[in-house]
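This structure is in structure tokens; I'll ask about it shortly.
Here the structure is a predicted model, which means the values were calculated and not measured. Values below: every heavy atom of this structure, side chains too, minus hydrogens, waters and symmetry copies. Each ligand, and each atom within it, is numbered from 1 in the order the structure gives.
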Amino acid sequence: MSAITVHDKTFVPYLPETLILEKVKELANAIDRDYADKKPLFIAILNGSFMFTSDLFKYLTIEAEICFIKLASYKGTKSSGQVITAIGLDTDIADRHVIILEDIIDTGKTMNEFLPQLRNQHPSSLKVAVLLHKPDATVYPVTIDYCCFSIPDKFVLGYGLDYDGLGRNIRELYQLEPGA
Ligand code: IMP
Ligand code: MG
């Protein structure tokens, strides 16, 4: 793996596909154990979580349902601070064991705004599973129940995450080059 350029920025290899898949499988195994006989309902947040969601769901062996919503708050490599619901929830979550699947918790704003909306709909339980968390960037309180990787406050791309629309199809994770 070597450096790549996307739009105007250079990214260097960060997490290889084998390691990502290992961690996603461990997370699926933990959910298998914690949710046996609970028939959880996953809510995956588009766009960034699609690859994480697909791999996690394939590793899962318990009975589970999934639905998708679309939230957006990013422009380029900086959070715009505005959370927009582009596709809303079409599934009744009352009395369900709900697990949110998100690609990354950065400032925490997206989850901090979205979780109370879900709690208002009275799920039996509500947990958050993420591929990545940037603890040093998180300023809005969010409880993260399952996390594959805690990472530094640097922009990453690949494995579903984009920089201005590009890079989502890269199988491993790249990080903005040092000093950028
Ligand atoms: P938050 O609301 O600041 O926590 O931002 C969450 C959303 O911003 C995520 O769901 C991502 O879509 C996007 N995001 C945050 N950090 C990155 C990054 O390093 N690369 C790509 N997208 C990111
Ligand atoms: Mg996202």
Side-chain angles (χ1 to χ4, degrees), residues 1 3-17 19-21 23-24 27 42-57 66-89 98-120 126-180:
M1 290 188 352
I4 54 164
T5 301
V6 177
H7 294 301
D8 56 336
K9 297 203 190 303
T10 304
F11 294 83
V12 294
Y14 182 47
L15 300 175
E17 186 184 19
L19 181 61
I20 298 169
L21 293 178
K23 287 282 180 186
V24 172
L27 202 157
F42 288 87
I43 302 179
I45 302 186
L46 297 171
N47 292 329
S49 75
F50 78 95
M51 216 174 266
F52 168 51
T53 296
S54 167
D55 285 331
L56 178 83
F57 212 62
I66 189 161
C67 64
F68 297 84
I69 62 157
K70 183 170 178 178
L71 304 177
S73 75
Y74 245 65
K75 284 260 175 294
T77 61
K78 295 269 180 308
S79 178
S80 71
Q82 278 265 40
V83 181
I84 298 150
T85 304
I87 302 173
L89 188 64
V98 173
I99 305 170
I100 307 298
L101 296 179
E102 172 67 310
D103 52 356
I104 183 165
I105 304 282
D106 181 35
T107 65
K109 187 172 172 73
T110 309
M111 277 304 108
N112 186 270
E113 286 195 9
F114 183 57
L115 290 175
Q117 296 175 27
L118 291 184
R119 280 197 198 95
N120 282 342
L126 180 59
K127 297 219 163 164
V128 175
V130 300
L131 176 72
L132 304 164
H133 179 212
K134 292 180 184 166
D136 296 341
T138 307
V139 289
Y140 298 88
V142 178
T143 302
I144 300 169
D145 302 284
Y146 302 95
C147 175
C148 292
F149 302 97
S150 274
I151 64 168
D153 183 11
K154 284 206 136 204
F155 194 80
V156 290
L157 130 155
Y159 196 68
L161 290 92
D162 72 310
Y163 167 42
D164 262 351
L166 296 182
R168 295 193 196 276
N169 55 319
I170 298 168
R171 303 173 81 108
E172 44 285 307
L173 275 156
Y174 280 72
Q175 192 178 55
L176 201 57
E177 69 174 341

- Using side chain to side chain contact (heavy atoms under 4.5 Å, CB included) as the criterion, point out the one residue from Ile151, Leu157, Ile20 that pairs with Tyr14. Ile151
- Message: Show me which atoms of ligand 1 lie under 4.0 Å from any heavy atom of Thr110.
- Response: 1 (P), 2 (O), 5 (O), 6 (C)
- Query: Are the side chain of His133 and the backbone N or O of Ile144 linked by a donor-acceptor pair below 3.5 Å?
  - Reply: no
- Message: Let me confirm one number: the OG1-CZ distance from Thr53 to Phe68, rounded to the nearest 0.5 Å.
- Response: 6.0 Å
- Query: So, the side chain of Asn112 versus the backbone of Val142: is there a donor-acceptor pair under 3.5 Å, distance only?
  - Reply: no
- Gap between atom OH of Tyr140 and atom NZ of Lys109 - 0.5 Å precision: 4.0 Å
- Query: Is any N or O atom of Phe155, backbone or side chain, closer than 3.5 Å to an N or O atom of ligand 1?
  - Reply: no
- Is it the side chain (CB and beyond), the backbone, both or neither of Val156 that lies under 4.0 Å from ligand 1, heavy atoms counted? both
- Proximity winner for atom 9 (C) of ligand 1, if only heavy atoms of Asp103, Ile45, Asp153, Asp106 are counted: Asp103
- Numbered atoms and elements of ligand 1 in range of Glu102, under 4.0 angstrom, heavy atoms: 10 (O)
- Can you list the ligand 1 atoms lying under 4.0 Å from a non-hydrogen atom of Thr107? 1 (P), 2 (O), 3 (O), 4 (O)
- Per-atom contacts, ligand 1 versus Lys134 - under 4.0 Å to a heavy atom: 16 (N), 17 (C), 18 (C), 19 (O)
- Message: If you count heavy atoms of other groups shown closer than 6.0 angstrom to NZ of Lys23, is the number above 12?
- Response: no
- Message: Quick check on contacts: which atoms of ligand 1 are under 4.0 angstrom from a heavy atom of Asp162?
- Response: 21 (C)
- Task: Give a yes or no on whether the backbone of Thr138 and the side-chain of Thr107 come within a donor-acceptor separation of less than 3.5 Å.
- Result: no
- Task: Could you see which bit of Met111 sits under 4.0 Å from ligand 1, with heavy atoms only: side chain, backbone, both or neither?
- Result: neither
